[in-house]
Amino acid sequence: MIKSNLCEILGIKYPIIQGGMAWAGTAELASAVSNAGGLGMLGAGGMSLTQLQEEINKTKGWTDRPFGVNIYYLSPDVEGLIDVVIKEEVPVLTTGAGNPGKHIPKLRDAGLKVLPVMASVALAQRLARLAVTALIAEGMEGGGHVGELTTMTILPQMVEAVKLPLVAAGGIADGRGLAAAFALGAQGVQMGTRFLCSEECIAHPNFKQAVLKAKDRSTTITARSSGHPVRVLKNRLSRRFAQMEAEGATKEELEKLGEGALRAAVINGDIDGGSLMAGQIAGLIKEVKPVKEIIEEITTEAEEIMKGMGQLVH
Ligand code: TUI
């Protein structure tokens, strides 16, 4: 059985965290992941305070295991969302697309375990000094908001730079990815795209089918020039982004083009005009499966790979 320090720290069976996907990371998915032994996450990006409250209530009703909330730092009311998380005594918080530094003391005082998602070493070092629980190192293979480094390069550099448990994210969807993450020095993984294609995820079937149909080169990065690059499956919207950027569109014009597009993809299944956020590993995902099967297959496969690797040592 695969186990690591991360399991002890978070009180989970398997060292697998579900990416806190906006719109797709609802109570249905988060509770399924937690019930299957991973750490389920509610993606608060796009949620109002009341919606987050409702999703927390539902998750608590559907699982007795630990779960967390992901706060997207470009959300309009980050403070309000954090206050809901603290009031509800949610055990774990992850952050994305920004520097959570100013909130760390308050979150730690409230007893929360905080795992910021980081895409570069410098900010990770600053946060490590504020005594966060662990760091999630995310490579640009991942879906949605991304940095510039790959998982293969950011992980060992972060291992050298901080003395904290690390979680690998970006480009991981099977046991090979989990084993590779351990080899690079991580204590576990975070996966988004793989869980998007689970039975329990409420994402529209059109979106899931688009991921299943994806090949290795089916994703692209949009809106790089806005300062908020986002990895998506190529479609009409991504081509429109590329065209507008080539024509020198402003940050505001690009932001306007992206408004409501993630909701359109996840909820309405608009595969032409929606923002189909997904990682480069989409090409490996061939089937929508129950969360429990996904987790058990990945951990069993990683275990076999890691045992097999011993045979290479002479
Ligand atoms: O957050 C993510 N991925 C996301 S969030 C998201 S929601 C969304 N909705 C509409 C439009 C766009 C996105 C979809 N995907 N990943 C974690 C992550 N964080 N990747 C990179 C970073 C990051 C970037 C900059 C972390 C910190 C940071 O700091 C900048 C600073 O303030 O110094």
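Position 1 is the first residue of the sequence; numbering continues from there. We use all heavy atoms of the structure for the numbers below, so side chains are in, but hydrogens, waters and symmetry mates are not. Whatever order the structure lists ligands and atoms in, that order sets their numbers, starting from 1.
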Take the angle between the ring planes of His228 and His145 and call it parallel below 30°, perpendicular above 60°, tilted in between.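 Taking His145 first and then His228, their aromatic rings sit tilted (interplane angle of 30° to 60°).
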
If you count heavy atoms of other groups shown closer than 6.0 angstrom to NZ of Lys213, is the number above 12?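 Not buried by this count: 12 neighbours or fewer within 6.0 Å.
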
Do the side chains of Met41 and Val33 join up, straight or via other hydrophobic residues, at under 4.5 Å, putting them in one cluster?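 No, no single cluster joins them.
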
Are any side-chain N or O atoms of Lys13 and backbone N or O atoms of Ala36, one a donor and one an acceptor, separated by less than 3.5 Å?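 Not confirmed, Lys13 side chain does not pair with Ala36 backbone.
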
Short side-chain to backbone donor-acceptor contact, Arg224 and Pro229, under 3.5 Å: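 Looks like no, no N/O pair under 3.5 Å.
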
What atoms in ligand 1 come closer than 4.0 Å to a heavy atom of [X]?
X      : result
Asn99  : 32 (O)
Ala119 : 21 (C)
Val117 : 17 (C), 18 (C), 19 (N), 26 (C)
Met277 : 8 (C), 9 (N), 10 (C), 11 (C), 12 (C), 13 (C), 14 (C)
Gly96  : 1 (O), 17 (C), 19 (N)
Gly144 : 14 (C), 15 (N)

Could you tell me the residue and atom name of the protein heavy atom closest to [atom], and the distance to it rounded to 0.1 Å?
atom                    : answer
atom 22 (C) of ligand 1 : Ala97 N, 3.6 Å
atom 33 (O) of ligand 1 : Leu123 CD2, 3.8 Å
atom 13 (C) of ligand 1 : Tyr72 OH, 3.1 Å
atom 20 (N) of ligand 1 : Glu138 OE1, 3.0 Å
atom 25 (C) of ligand 1 : Gly98 N, 4.1 Å

Could you tell me whether [X] and [Y] have a side-chain N and a carboxylate O separated by less than 4.0 Å?
X      : Y      : value
Glu252 : Lys256 : no
Glu255 : Lys251 : yes
Arg239 : Asp272 : no
Glu304 : Lys307 : no

Between His145 and ligand 1, which residue portion shows a heavy-atom distance shorter than 4.0 Å: side chain, backbone, both, or neither?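 Under 4.0 Å from ligand 1, His145 contributes backbone and side-chain atoms.
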
Please state which part of Leu74 comes within less than 4.0 Å of ligand 1, counting heavy atoms only: side chain, backbone, both or neither.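 Near ligand 1, Leu74 shows nothing, with every heavy atom at 4.0 Å or more.
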
